[in-house]
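All heavy atoms count here, side chains included; hydrogens, waters and symmetry mates do not. In each ligand, atom 1 is the first atom listed, and ligand 1 is the first ligand listed.
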Amino acid sequence: MDLRFYNSMTRQVEPFTTLAPGKVGMYTCGPTVYNFAHIGNFRAYLFEDLLRRTLEFAGYEVRQVMNLTDVDDKTIRGSRQAGVPLRDYTRPYIAAFFEDLKALNVEPAAVYPAATDHIPEMEALIQALFDRGIAYKSEDGSVYFSVDRFPGYGRLAHLDRSALRSGVRIDADEYDKEGVGDFALWKAWDERDGDVAWDAPWGRGRPGWHLECSAMSMKYLGESFDLHTGGIDNLFPHHENEIAQAEAVTGKPFVRTWMHCAHLRVDGQKMSKSLGNFHTLRDLLAKGWSGREVRYVLLGAQYRQPLNFTFEALAAARTALARVDECVDALTARAAQPGADDGARAPSHLAAFADALADDLNAPEAYAALFAVVRDANKALGAGLPPAGAQAALDELRAMDRVLGFVFFGRAARAEVPADVQALADARAKARAAKDWAESDRLRDALAAKGWQVRDGKDGQTLKPLAQ
Ligand code: AMP
Ligand code: ZN
């Protein structure tokens with residue numbers, strides 16, 4: 001499977017290659033844990049999940065690292081407002097984040113390093129930047145990265161460097177930096193920080209946001225690694241700055257492939273905390289939507305295309321998934337029946353599925369391949385697909401779902417039929433064979449009284465719990 005991805009660095013779709021054959025080191029910028037993540041954030045984490053599962057589907061062994069930003073202006077402000085220590089403030093949001101990932105069936109990363117656990121690594125990086133003459137200390141005690149002293153700056157964002165001399169916004173508390181494009185590596189302590197501070201050789205303060213990702217990605221993946229991802233708003237300045245910090249110190253290329261997803265929008269605008277136009281996953285679950293429905297919607301558009309969030313899309317996801325469920329149930333029932341294998345099979349769409357993903361994660365085409373399996377399997381079931389053919393179709397759906405992660409298998413199997421229910425069903429089958437309709441109806445009612453529905457099809461009867 002030859003994967004081709006759009007690399008934000010080269011700005012083209014290109015063959016995906018890795019440093020070590022068959023292995024991918026992958027870093028994804030994680031959440032700032034000052035509040036609940038919204039589903040816009042989860043569009044980014046789900047794109048990364050699809051990417052990672054696609055890499056695994058293609059046979060790569062993936063080591064994924066996702067950071068937790070647990071110290072910045074927002075977390076500090078939140079903890080001070082709540083009157084609790086920083087860690088006590090962020091802990092429940094970290095727990096909530098992991099719960100949400102689970103509800104969305106996101107495969108866990110290998111490591112979730114938190115910024116506050118990596119202050120020594122960040123200090124070492126700053127020291128190395130001082131040693132190379134690239135970091136400087138400002139009047140107020142903050143430490144900045146000098147963009148002018150690092151000629152490699154601007155490669156990811158393809159910046160015209162003159163843009164850095166004009167038109168860049170300067171925060172009020174960054175008045176004393178040398179160049180407008182310079183960014184903070186270390187923020188000097190001030191009273192708004194309360195007791196959140198570390199004593200570094202150059203003074204008391206805390207690390208800048210960009211620094212944590214350079215320090216932690218290199219710690220867990222090495223000085224050069226394969227793949228770095230995030231939402232498109234991370235591209236500049238965050239990722240540009242990550243490259244600068246890392247490459248200025250190591251002199252080696254930091255990351256081979258950069259991938260960014262487009263935003264989730266609401267009425268044409270980016271879903272964001274500041275605009276107030278957001279939904280958390282919790283809100284949606286409380287309204288009766290499920291994690292798999294949200295997953296289905298957020299993964300359904302190609303990741304570089306903007307996606308507009310609507311409740312109609314969630315409703316359509318519910319209908320679409322019900323079709324998949326019904327097909328899986330019917331295939332599962334057929335696969336469990338006795339019957340000779342006459343060799344009949346529904347046509348396979350796995351190659352089309354793999355091609356779609358290999359083509360820069362074309363999710364709409366991958367969904368189409370899944371529904372082609374459903375359509376053809378239903379048709380084949382109607383034409384008397386043998387149990388082995390049903391099993392083959394199930395295996396194909398399972399293979400696809402290793403990437404998609406929203407198909408439910410074993411709903412029918414999970415509802416294991418108790419022995420007394422099975423005995424009633426067997427008796428009913430006998431009664432029907434003997435054309436004893438009165439007895440057959442009596443047994444149907446007896447089954448219903450036990451909470452089971454019996455359905456008669458071409459291949460005999462199937463049992464389903466009534467509640468479903
Ligand atoms: P933040 O916690 O703001 O740093 O965002 C975490 C991740 O979510 C980053 O990768 C962002 O780029 C991404 N993100 C934020 N808002 C959206 C959105 N509306 N659509 C897609 N990704 C987003
Ligand atoms: Zn980052």
* Check whether more than 12 heavy atoms from other residues, nucleotides or ligands sit under 6.0 Å from atom CZ of Arg192, and answer yes or no. => no
* Should one rank Asn41, Thr28, Ile39 by closest heavy-atom distance to atom 3 (O) of ligand 1, which comes out on top? -> Asn41
* Residue, atom name and distance, where the atom is the protein heavy atom closest to atom 13 (C) of ligand 1 -> Ala44 CB, 3.8 Å
* Looking only at protein heavy atoms, which one is nearest to atom 7 (C) of ligand 1, and how far off is it? -> Tyr45 OH, 3.5 Å
* **atom 20 (N) of ligand 1 - nearest protein heavy atom and its distance** => Leu264 N, 2.7 Å
* Asked: Are any non-hydrogen side-chain atoms of His349 and Asp376 less than 4.5 angstrom apart?
  -> yes
* Can you figure out which of Glu48, Gln269, His263 has its heavy atom closest to atom 18 (C) of ligand 1? => His263
* Atoms in ligand 1 with a heavy atom of Gly231 nearer than 4.0 Å -> 10 (O), 12 (O)
* Asked: Which residue and non-hydrogen atom of the protein lie closest to atom 19 (N) of ligand 1, and at what distance in Å?
  -> Met271 O, 2.8 Å
* To do: Give a yes or no on whether the ring-centroid distance for Phe36 and Phe278 is below 6.0 angstrom.
  => no
* How about His238: does one of its N, O or S atoms come closer than 2.8 Å to the Zn ion (ligand 2)? -> yes
* Can you pull out the closest protein heavy atom to atom 9 (C) of ligand 1? Residue, atom name and distance to 0.1 Å, please. => Asn234 OD1, 3.3 Å
* May I ask you to test the Trp186-Ser142 pair for a side-chain heavy-atom distance under 4.5 Å? => no
* To do: Around atom 11 (C) of ligand 1, find the nearest protein heavy atom and jot down its residue, atom name and distance.
  => Asp233 OD1, 3.5 Å
* To do: Check the side chains of Asn241 and Tyr153 for a donor-acceptor pair under 3.5 angstrom, ignoring hydrogens and angles.
  => yes
* Evaluate the side-chain proximity of Met400 to Leu350: yes if any heavy-atom separation is below 4.5 Å, no if none is. => yes
* Any idea which part of Lys273 is under 4.0 Å from ligand 1, heavy-atom wise: side chain, backbone, both or neither? -> neither
* Results of side-chain hydrogen bond (donor to acceptor under 3.5 Å, both in side chains) for Arg292 - residues two or more places apart only -> Asp325
* Which ligand 1 atoms, with their elements, are less than 4.0 angstrom from a heavy-atom of Thr32? -> 2 (O), 4 (O)
* Protein contact to atom 16 (N) of ligand 1 [nearest heavy atom, distance to 0.1 Å] -> Lys270 CE, 3.5 Å
* Asked: Taking the six-membered ring where the residue is Trp, are the ring centres of His279 and Phe311 under 6.0 Å apart?
  -> yes
* Structure fact -> A student checking ligand 1 against Ala262 at a 4.0 Å heavy-atom cut-off should list atoms 21 (C)
* Asked: When the aromatic ring centroids of Phe254 and Tyr27 are compared, is their separation below 6.0 Å?
  -> no
* Asked: Can a non-hydrogen atom of His38 be found less than 4.0 Å from any atom of ligand 1?
  -> yes
* N, O or S of His239 under 2.8 Å from the Zn ion (ligand 2) -> no
* Identity and distance of the protein heavy atom lying nearest atom 22 (N) of ligand 1 -> Gly40 O, 3.0 Å
* To do: Taking the side chain as every heavy atom from C-beta outward, state whether Arg155 and Met9 have any pair of such atoms under 4.5 Å apart.
  => yes
* **Validation row, ring centre Tyr112 to ring centre Phe97 under 6.0 Å** => no
